[in-house]
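Computed from heavy atoms alone, side chains included, the values below leave out hydrogens, waters and symmetry copies. We count ligands from 1, going down the list as the structure has it; atoms in each ligand are counted the same way. Quick caveat: nothing in here was measured; it's all calculated off a predicted structure.
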Amino acid sequence: MRGVVFLGDRRVRIQDFADPEPGPGEVVVRMMATGICGSDLHVYRRDAELLRDAEPTIVGHEPSGVVETVGSGVTRVKSGDRVCVNHYRSCGHCRHCAEGYLQWCSDARGYGGPIHGSHGDLLLTDERNCVVMPDEVSFVDGAFVACAGGTAYSGLRKLAVSGQSTLTVMGLGPVGLSAVLIGKAFGARVIGVDVIEERVALARKIGADEAINGATEDVVESIRAITGGEGADALYEASGSAPGRRQGIKSLRRGGKGVFCGVGTEEETLNLTEIISRELTLMGSFVLSLRLTYDLVQFLADSRLSFDPILTHTFAIEDGEEAYREADESRTGKIAFTW
Ligand SMILES: [Zn+2]
Ligand SMILES: [Zn+2]
């Protein structure tokens, strides 16, 4: 099998690996679609010196495909099933795993480091991670569920947005754009904000009610104007930037709720006095639980929602170098490898 490996300093190599064999309880999935994520880019840009002695590991953590082979004891999935694969392998027995929060397990292992990821022909995982998708959910949608779309869904479930809500989405990369689509599907009035015009335009195109370019407009003033001076009911923060976080909090109404999923700046961005006086509720959110992986697949099937409008580029993995160069520009919607 072939897989994409990072060499550091924005260089990648397509390398041959032995095909994985499933052990007890394990499943090998033949990849059909897998997205490039912002967190892959952090590693792609890393200094080559830091990666020099690392064991070559296939990158990527948004797996979706067809079950190829199953190990002994596997009963719930079978060869030929269409599955999306939850983000982390884990022990399966601790209380976090029991609740479906595989990402909280002390033995959590993310695809793409420390274990082989999804930018390869085959992926080795556990039976519990495989969520069978009905035919109406595409492989590309399955890849979105595994990370970008799932991260957006999990945050919006915490915010409980509905037809009564005005929702600001700060940062319109693939996660923010997913939040725009899901926010609309939940019935909210959605305001998208970014500083890159291509992404502002994309948000408008996929159905954001309002889209603001923070490079040319005053974000807080604009949101106040749109909401009759009140501010937004809910904030989904996906920019990970200090200005994005500050503007997002400032543009919430009194008693508003915000969820933060964008990682990036280390700068201090919280003013607790402001949170007290305006009675804000602010939460963190990190990928999604196994339970919500099931819920999102069902939601996509029931509502016939697809993340397809966010997908702007597809590549074969042999063109991994070009795919990452394009993603590195941060001007596109989602970029995915497809087979
Ligand atoms: Zn991701
Ligand atoms: Zn565990």
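Side-chain rings of Y294 and F299 stay apart, their centers remaining 6.0 Å or farther from each other. Checked against the 6.0 Å centroid threshold, Y111 and H87 do not count as a close aromatic pair.
Atoms SG of C91 and SG of C97, as seen from the Zn ion (ligand 2), are separated by an angle of 110°, to the nearest 10°. At the Zn ion (ligand 1), the vertex angle linking SG of C37 with NE2 of H61 is 110° (nearest 10 degrees).
Not a single N, O or S atom of H87, from either the backbone or the side chain, sits less than 2.8 Å from the Zn ion (ligand 1). For a distance bound of 2.8 Å, the N, O or S atoms of C105 include one lying that close to the Zn ion (ligand 2). Here H96 does not reach the Zn ion (ligand 2): none of its N/O/S atoms is less than 2.8 Å from the metal.
Between I191 and I223, some side-chain heavy-atom pair lies under the 4.5 Å cut-off.
Contact detail for P20 and L124: the closest heavy-atom pair is CB-CB, 4.0 Å.
Taking 4.0 Å as the cut-off between side-chain N and carboxylate O, D209 and K184 count as a salt-bridged pair.
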